Amino acid sequence: MIQWLADFFGSMGTPGLVIWTMLKIVAITLPLPLCVAFLTLAERRVIGAMQSRCGPIRVGPNGILQPFADVLKMLFKEVVIPARANRLLFRFAPLLALAPAVAAWGTIPFSENLWLADLNAGLLYIMMMSSIGVYGIILAGWASNSRYALLGSLRSTAQLISYELAMGFALVGVILLANTLNLGDIVRHQAGGFWHWYFLPLFPLFVVYFIAAIAETNRHPFDMAEGESELVAGFHVEYSGIVFALFFLAEYMNMILLSVLAATLFLGGWMAPLPFFNELPLLGDGFLWLALKVAGLLFIFLWVRASFPRYRYDQIMRLGWKVFIPLTLVWIVVVAVAVRWSALFGGGA
Amino acid sequence: MSFSAFLFYVLAAILLASAVRVVSARQPVHAALSLVLAFFTMAALWITLGAEFLGLALVVIYVGAVMVLFLFVLMMLDVRQTDKTPRWRLHLIPALAIGALMLLEIVLLIVDGVKTKTALPESAASMDKPLDNTRELGKLLFEDYLYSLELVGVLLLVGMIAAIVLTHRQSRFAKRQEVSEQIAVTRDDRLRVVSMPAEVEAEDATAHSPDKTGGH
């Protein structure tokens, strides 16, 4: 069916290509908000269970319709624009936060032959998109004309820039091992069982990457940007209703994106943990394996939120600059030497 | 007109419009954002021309880091609006002169390039070819120009250290927290458990007034 559609549009030349690409984009971006919706439900239920509460259980069977009730509530709320705010940028900022979070999905390989763009510099493209997302936060803070919002956005920006470095260095290790920036090829290099996955040789980088991912998405315990006990809610204090929901959507999409990236780079992407699992009628062709890994990583995001108290701001900066960056730099040297060694003397790695 | 040509003209129009907006915007933050748009469109243009690494690096470095710091400074300074009446006439002649000079240089370079060198290979400018000059660029930088690259790296490092030394003046009144010491604190540094013998009240006192033993 998919192959038939691809052939049909492929035979139409450039317009066909455009329509086919549009269809693929819709197929990726439409399920995303749905994933976010159920992720929020999962978050509340999981944290509820961890704290011996029920969480939302009243709307629909077992609370399954709760996210839709929330969205409806948001939709009907009034969007208040503060006096003397920069009206244009105030409305533009949530879009600037959301757009990169969606656009970054362009090069993610979902399975052996299921992706939007097979870009050779795919990893760099995702880095680029995640580095743009910070504009939404800066502008939201500045355009609201509020001290709390500005402070929140300044904190958040400094934090994002700091942790992006550690994250970038963690990705350098993957690039060294895989010898390519193409995400599909990176996954293919990890073929053949979980002992070939990169999280084993790059374990320190994997840990740094995941913690940096938590910091990048402004999640607990790094949510200084929101810090409800001191900054009310940080950069989105002044946002209400559906405009606030856009920020919310962007944050959760980034969570899912970084989990997918972690699964792709360190946990073998669409590969099954044992090679012969692929022949068994367990989880079909790859995509479900990826989904399973991503779900596991997202659970860790929620688990961390339920477990740790918030960092102090100088501690966050210290962790980023004085612990993670030296650690990743040292491990990159170790990996580079190991790669060179095995290239010179054959075998191993 | 092919699709790539159409894309080129659309992107070039956006680029020019945003570049004009950088110098004409009254609000400094708007000017900075227009510059961001200009960088972004430039990157898109380069990618359509097959230089995907340069394009992505431009966005990561300039949009993702440099312009963010720019915006930081603009917000901290709280510059609301520049002059209502931009003094066009004062700057017009030197601006035109510098612009003309730059245009002349670029035209000369292009003419020279057309004369002496062969034209770009066909495939470099087409969008059909899979983009893979990242690998080529990496090989070029780390094999042929390795020493120049190292030199540039050292230069940047020296610049960075100099900037930190120049701006980081220790104030006499600055209070610092040694986080490593804070983290290394153990229970024994903060808490002292004193073992005391249990106090036993005299028997006759408890018999008469039970209030004294408990209290609310």
Side-chain angles (χ1 to χ4, degrees), chain A residues 13-15 17-18 84 86 88-89 92-93 96 100 107 117-135 137-139 141-143 145 149-151 153-154 156-158 160-162 164-165 168 175 179-182 311-319 322-323, chain B residues 1-4 6-7 27-30 32-33 36-37 39-40 43-44 47 50-76 78-81 127-138 142 176-180 182-183:
Chain A
T14 307
L17 184 70
V18 171
R84 301 187 59 204
N86 189 320
L88 177 73
L89 291 182
F92 195 49
L96 267 184
T107 58
D118 183 12
L119 203 62
N120 265 321
L123 194 52
L124 204 60
Y125 171 80
I126 291 180
M127 294 276 299
M128 164 188 129
M129 279 304 167
S130 69
S131 72
I132 296 174
V134 67
Y135 279 95
I137 293 175
I138 304 187
L139 289 179
W142 183 77
N145 191 29
L150 187 63
L151 281 175
S153 76
L154 286 181
S156 162
T157 315
L160 286 183
I161 291 179
S162 312
E164 215 160 71
L165 286 175
I175 299 168
N179 215 357
T180 174
L181 284 168
N182 185 316
Y311 268 106
R312 213 172 55 204
Y313 195 66
D314 59 316
Q315 290 171 338
I316 291 186
M317 283 300 160
R318 176 182 170 276
L319 186 71
K322 293 190 181 168
V323 179
Chain B
M1 192 165 65
S2 71
F3 184 62
S4 51
F6 171 73
L7 214 57
Q27 174 79 263
V29 172
H30 287 183
L33 287 175
V36 169
L37 181 62
F39 280 137
F40 199 77
I47 291 172
E52 90 280 6
F53 181 80
L54 282 181
L56 295 176
L58 178 78
V59 175
V60 170
I61 295 165
Y62 280 92
V63 177
V66 175
M67 287 313 292
V68 171
L69 295 179
F70 248 81
L71 273 178
F72 238 77
V73 174
L74 284 178
M75 287 173 187
M76 293 298 235
D78 196 29
V79 254
R80 282 291 164 189
Q81 299 226 317
M127 289 199 353
D128 309 325
K129 190 184 73 111
L131 306 165
D132 197 15
N133 64 20
T134 310
R135 186 181 295 273
E136 300 304 319
L137 203 65
F142 287 97
R176 302 198 145 260
Q177 290 180 321
E178 291 298 327
V179 180
S180 46
Q182 292 174 352
I183 290 173

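Atom set for the values below is all heavy atoms of this structure, side chains included, hydrogens, waters and symmetry mates excluded. Per chain, numbering begins at 1; letters A, B, ... match sequence-line order. Since the structure is predicted, the reported quantities are computational estimates derived from the model, not experimental observations.
Of the listed residues (A:V134, A:L150, A:L89, A:L181), the one with the most heavy-atom contacts under 4.5 Å to chain B is A:L89. Taking chain B as the reference chain and counting heavy-atom pairs below 4.5 Å, the highest number among A:V18, A:L139, A:T180, A:I161 is found for A:L139. Ranking B:L69, B:V60, B:V36, B:V68 against chain A, the residue ahead of the rest is B:V68, based on heavy-atom pairs under 4.5 Å.
Residue A:Y135 comes nearest to B:L33 through the heavy atom pair CD2-CD2, 4.4 Å, listed as atom of the first residue, atom of the second, then distance. Here the closest heavy-atom approach between residue A:S131 and residue B:V59 is recorded as OG-O, 4.4 Å.
Partners of B:F70 under the side chain to side chain contact (heavy atoms under 4.5 Å, CB included) rule, at least two apart in sequence or in another chain, are B:V66, B:M67. Applying the ring pair (Phe, Tyr, Trp, His ring centres under 6.0 Å) test to A:Y311 and every residue at least two apart in sequence or in another chain returns A:F222.
Residue contact with chain A, scored on non-hydrogen atoms closer than 4.5 Å, involves the side chain of B:L71 exclusively. No part of A:L160 comes within reach of chain B, as not one of its non-hydrogen atoms sits under 4.5 angstrom from that chain. Heavy atoms of B:I61 lying under 4.5 Å from chain A are absent altogether.
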For this session: Check the pair B:F40 / A:I132 against side-chain contact (heavy atoms from CB on, under 4.5 Å), numbers first and verdict last.
Result: CA-CA 10 Å; B:F40 199 77; A:I132 296 174; 3.2 Å; yes

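Heavy-atom contacts from other residues, nucleotides or ligands closer than 6.0 Å to CZ of B:F39 number more than 12.
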